[in-house]
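All values derive from a computational prediction rather than experimental measurement. Heavy atoms only: backbone and side chains are in, while hydrogens, waters and symmetry mates are out.
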Amino acid sequence: TANAANFYHKEHLELEPAWQFTKGANVKIAVLNTGLNYRLDEFIGKVEKDPSNDSYGYDATTDTFDPLDDLGLGTQEASLVVGDSCGVASEAKIIPIRICDRNGTSSQLVIAKGIDYAIKRGVQIILLAIGTNQTSTVICEALRQAAQANILVVAAAGNSAQELTTADYPTVCGVSNVVVVTASDEARKLASYSSYSFKHVHTAAPGEFIPSLDYTNQQVDVRGSSASAALAAGVAALVWSHNPNYTPLQVKEALIKGAT
């Protein structure tokens with residue numbers, strides 16, 4: 001496990017005071033990326049298994065029920081969400097959904113299938129820290145279905161160092177249940193690579209050299225808005241756990257008001 005010392009994001013996100021009230025119990029989060037190395041001790045008891053087949057989740061790239069991570073990013077994100085040593089909401093449950101193949105690539109249809117599985121599993125939060133440069137009607141429709149299911153989607157703004165417009169994903173979908181997160185640094189400023197927009201990016205979270213756990217069980221420092229989105233998803237779990245009657249829009253508003 002990772003060394004828990006000197007994690008500046010804990011101060012920025014004011015986690016220690018929040019943990020006096022909740023650590024995310026009774027909240028389920030779907031992590032859509034490269035899957036999860038669910039064999040690590042870090043994730044014992046953290047995964048909500050599929051009751052229909054006792055699997056650890058879903059691989060949308062192969063339409064099978066083994067989301068084992070052999071690339072790393074999904075496990076890193078999961079450790080930031082629920083990990084005991086690195087995570088924000090250690091008592092929340094995750095549902096790992098693999099949407100990236102062995103080359104680290106995905107497709108719009110696969111992403112939509114992953115969202116659909118998350119909806120069927122009854123999650124409150126979907127972490128979708130992977131983007132597309134193309135307008136995707138199939139992804140937008142999946143996000144609308146998630147909205148109808150009262151799910152909050154936490155999306156990464158991207159690392160283009162450019163301004164997001166109405167033509168960019170996920171803004172192009174026009175769905176209110178999506179909160180777009182960009183990366184801030186240790187000085188609480190926008191990271192140099194961060195995508196930005198006063199209109200289309202809703203909040204920022206730490207994203208510079210954040211300690212996480214890799215699928216090989218090694219501590220690694222991660223950078224980028226995907227790390228920021230993972231931390232924000234964990235904070236959303238804390239908010240929802242403490243306020244179980246909140247709607248997705250109320251949780252989104254809490255994230256925006258508490259932006260660091």
Side-chain angles (χ1 to χ4, degrees), residues 28-40 42-43 46-83 93-146 149 151-159 168-170 172-173 175 178 181 212-217 220 222 224-227 229-230 233:
K28 290 191 292 186
I29 305 156
V31 180
L32 276 66
N33 208 299
T34 62
L36 175 75
N37 186 355
Y38 47 76
R39 297 168 178 164
L40 299 181
E42 187 84 355
F43 300 108
K46 308 277 190 182
V47 178
E48 173 112 347
K49 287 189 172 184
D50 190 324
S52 68
N53 54 30
D54 202 41
S55 72
Y56 282 92
Y58 178 59
D59 185 343
T61 69
T62 59
D63 198 26
T64 59
F65 292 92
D66 185 5
L68 187 64
D69 186 6
D70 55 10
L71 291 172
L73 192 55
T75 300
Q76 292 166 17
E77 288 180 359
S79 78
L80 294 177
V81 179
V82 298
K93 299 284 189 180
I94 55 170
I95 296 172
I97 302 173
R98 183 164 182 157
I99 57 171
C100 297
D101 61 21
R102 290 181 178 275
N103 297 315
T105 58
S106 189
S107 72
Q108 296 170 15
L109 182 59
V110 166
I111 294 171
K113 285 170 62 178
I115 296 171
D116 184 58
Y117 177 77
I119 295 170
K120 291 176 179 175
R121 290 294 308 277
V123 304
Q124 290 108 311
I125 299 167
I126 292 175
L127 171 58
L128 188 59
I130 182 172
T132 174
N133 294 324
Q134 300 173 327
T135 301
S136 173
T137 54
V138 67
I139 294 178
C140 288
E141 178 56 31
L143 292 176
R144 292 187 190 99
Q145 293 293 328
I151 296 170
L152 179 70
V153 178
V154 182
N159 307 312
D168 294 317
Y169 164 87
V172 67
C173 298
V175 184
V178 178
V181 184
S212 70
L213 201 66
D214 192 43
Y215 76 109
T216 61
N217 206 35
V220 293
V222 294
S225 62
S226 60

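Side-chain atoms of Gln76 and Asp214, non-hydrogen and from C-beta on, do get closer than 4.5 Å to each other. No side-chain heavy atom of Val181 sits less than 4.5 Å from a side-chain heavy atom of Ser225. Between Leu68 and Asn37, the closest side-chain pair of non-hydrogen atoms falls below 4.5 Å. At a threshold of 4.5 Å between non-hydrogen side-chain atoms, the residues Tyr117 and Asp50 count as touching. Contact of the Leu80 side chain with the Val222 side chain is registered, since non-hydrogen atoms from C-beta on lie closer than 4.5 Å. Inter-residue side-chain proximity for Leu128 and Ile99 is flagged as met; some heavy-atom pair is nearer than 4.5 Å. Contact check for Asp63 versus Lys113: side-chain heavy atoms found under the 4.5 Å cut-off. The shortest distance between side-chain heavy atoms of Ile115 and Ile126 falls below 4.5 Å.
A salt bridge does not link Asp69 to Arg98: none of the charged nitrogens lies less than 4.0 Å from a carboxylate oxygen.
Interatomic distance, CD1 of Ile151 versus CD of Gln124, reported as 8.5 Å (0.5 Å rounding). Atom CG in Leu127 sits 13.0 Å away from atom CD1 in Ile95 (nearest 0.5 Å). Interatomic distance, SG of Cys100 versus CG of Leu71, reported as 7.5 Å (0.5 Å rounding). Atom CD of Glu77 is separated from atom OG1 of Thr34 by 7.5 Å, given to the nearest 0.5 angstrom. Annotation: the span from Lys49 atom NZ to Lys93 atom NZ amounts to 11.0 Å, rounded to 0.5 Å. Once rounded to the nearest 0.5 Å, the distance linking OG of Ser79 with CG of Leu40 reads 9.5 Å.
Considering all non-hydrogen atoms of both residues, Val81 and Ala230 come closest at CG2-O, 3.5 Å. What you find for Gly224 and Asn159 is that their closest heavy atoms are CA-OD1, 3.6 Å. When all heavy atoms of Val31 and Ala78 are compared, the closest pair comes out as CG1-N, 4.5 Å. Across all their heavy atoms, Gly114 and Leu32 have their closest contact at C-CD2, 3.7 Å. The shortest non-hydrogen separation linking Ala233 to Ile125 is O-CD1, 3.8 Å. Contact record, Ser106 with Ile111: OG-CG1, 3.5 Å, taken as the closest heavy-atom pair.
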Requested in this report: Assess whether side-chain hydrogen bond (donor to acceptor under 3.5 Å, both in side chains) is satisfied between Asn53 and Ser55, documenting all intermediate values.
Outcome: CA-CA 5 Å; Asn53 54 30; Ser55 72; 2.8 Å; yes
Step by step, would you call Leu36 with Phe43 a side chain to side chain contact (heavy atoms under 4.5 Å, CB included)?
CA-CA 9 Å; Leu36 175 75; Phe43 300 108; 3.7 Å; yes
Inset, instruction - Might you work through the side-chain hydrogen bond (donor to acceptor under 3.5 Å, both in side chains) test for Thr64 and Asp66, ending with a clear yes or no? - result: CA-CA 6 Å; Thr64 59; Asp66 185 5; over 6 Å; no
- [ ] Under the side chain to side chain contact (heavy atoms under 4.5 Å, CB included) rule, what do Cys173 and Val178 come out as? Steps first, then yes or no, please.
- [x] CA-CA 9 Å; Cys173 298; Val178 178; over 6 Å; no
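Annotation for Lys120: atom NZ does not count as buried by contact number, only 12 or fewer foreign heavy atoms lying within 6.0 Å. Within 6.0 Å of CZ in Arg144 there are more than 12 heavy atoms belonging to other residues, nucleotides or ligands.
When atom types are taken as modelled, the side chain of Arg121 and the backbone of Glu48 share a donor-acceptor pair closer than 3.5 angstrom.
The aromatic rings of Tyr58 and Phe65 sit tilted relative to each other, their planes meeting at an angle between 30° and 60°.
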